[in-house]
Amino acid sequence: MLLTGFSTLVWLLYMVMLVLAVVALIMAAMAREDAYRAADKQKKSFWLLILGITVAVNLFVPMLFLQLAGAVASIVFLVDVRPALQAVSGGRGRRGGSSSDGPYGPYNGGR
């Protein structure tokens with residue numbers, strides 16, 4: 001009984017790491033190449049390679065140490081790189097403002 005519960009927990013951990021890696025890979029693939037340069041991050045091909053290896057390791061090499069290293073890479077991408085890419089490319093960071101909005105509200109031309 002206890003062993004079955006532990007194996008279920010480990011299987012869930014593997015699945016969470018796989019989903020995290022796949023989501024990060026899809027988001028890395030959807031971003032533009034020039035956004036990586038503008039955000040001063042590694043190249044798009046670097047992140048696609050790292051995250052692709054992470055997905056492959058999660059699918060074919062069930063070694064916890066390698067999967068944890070891949071999870072760290074996925075988390076770094078999602079927490080550091082993706083917000084920088086969104087800030088540079090203007091994706092969903094503004095929450096519905098106009099192009100004339102400043103940092104403290106709309107700019108109305110001195111009226």
Grab the two heavy atoms, one from [X] and one from [Y], that are nearest each other, plus how far apart they are.
X	Y	value
Leu20	Ala71	CD2-O, 4.1 Å
Ala38	Val88	CB-CG1, 3.2 Å
Val81	Tyr36	CG1-CE2, 4.1 Å

Are side-chain heavy atoms of [X] and [Y] found at a separation under 4.5 Å?
X	Y	value
Val10	Phe6	yes
Phe77	Arg82	yes
Trp47	Val76	yes

For the atom pair [atom1] ([X]) and [atom2] ([Y]), what is the distance rounded to the nearest 0.5 Å?
X	Y	atom1	atom2	result
Asn58	Ile53	CG	CD1	12.0 Å
Ile50	Leu25	CD1	CG	11.5 Å
Met17	Leu12	CE	CG	11.0 Å
Glu33	Ser45	CD	OG	6.0 Å
Leu18	Leu13	CG	CG	11.5 Å
Met27	Leu78	CE	CG	6.0 Å

Treat each ILVMFWY residue as a node, draw an edge where side-chain heavy atoms are under 4.5 Å apart, and state whether [X] and [Y] are in one component.
X	Y	result
Met15	Val23	yes
Phe60	Trp11	yes
Val55	Leu48	yes
Val19	Val22	yes

Using modelled atom types and a 3.5 Å cut-off, is there a donor and acceptor pairing between side-chain atoms of Lys44 and backbone atoms of Ala31?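 Yes, the answer is positive, given that a donor and an acceptor are paired below the 3.5 Å cut-off.
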Leu9 backbone acceptor or donor facing Tyr14 side chain under 3.5 Å: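 Side chain of Tyr14 to backbone of Leu9, a donor-acceptor pair under 3.5 Å: no, none is there.
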Which is it for Val72 and Leu68 under the side-chain contact (heavy atoms from CB on, under 4.5 Å) test, yes or no, and what are the steps along the way? CA-CA 6 Å; Val72 169; Leu68 288 175; 5.7 Å; no
Let me see the working for Val61 and Gln67 under side-chain contact (heavy atoms from CB on, under 4.5 Å), right down to the final yes or no. CA-CA 8 Å; Val61 186; Gln67 289 176 331; over 6 Å; no
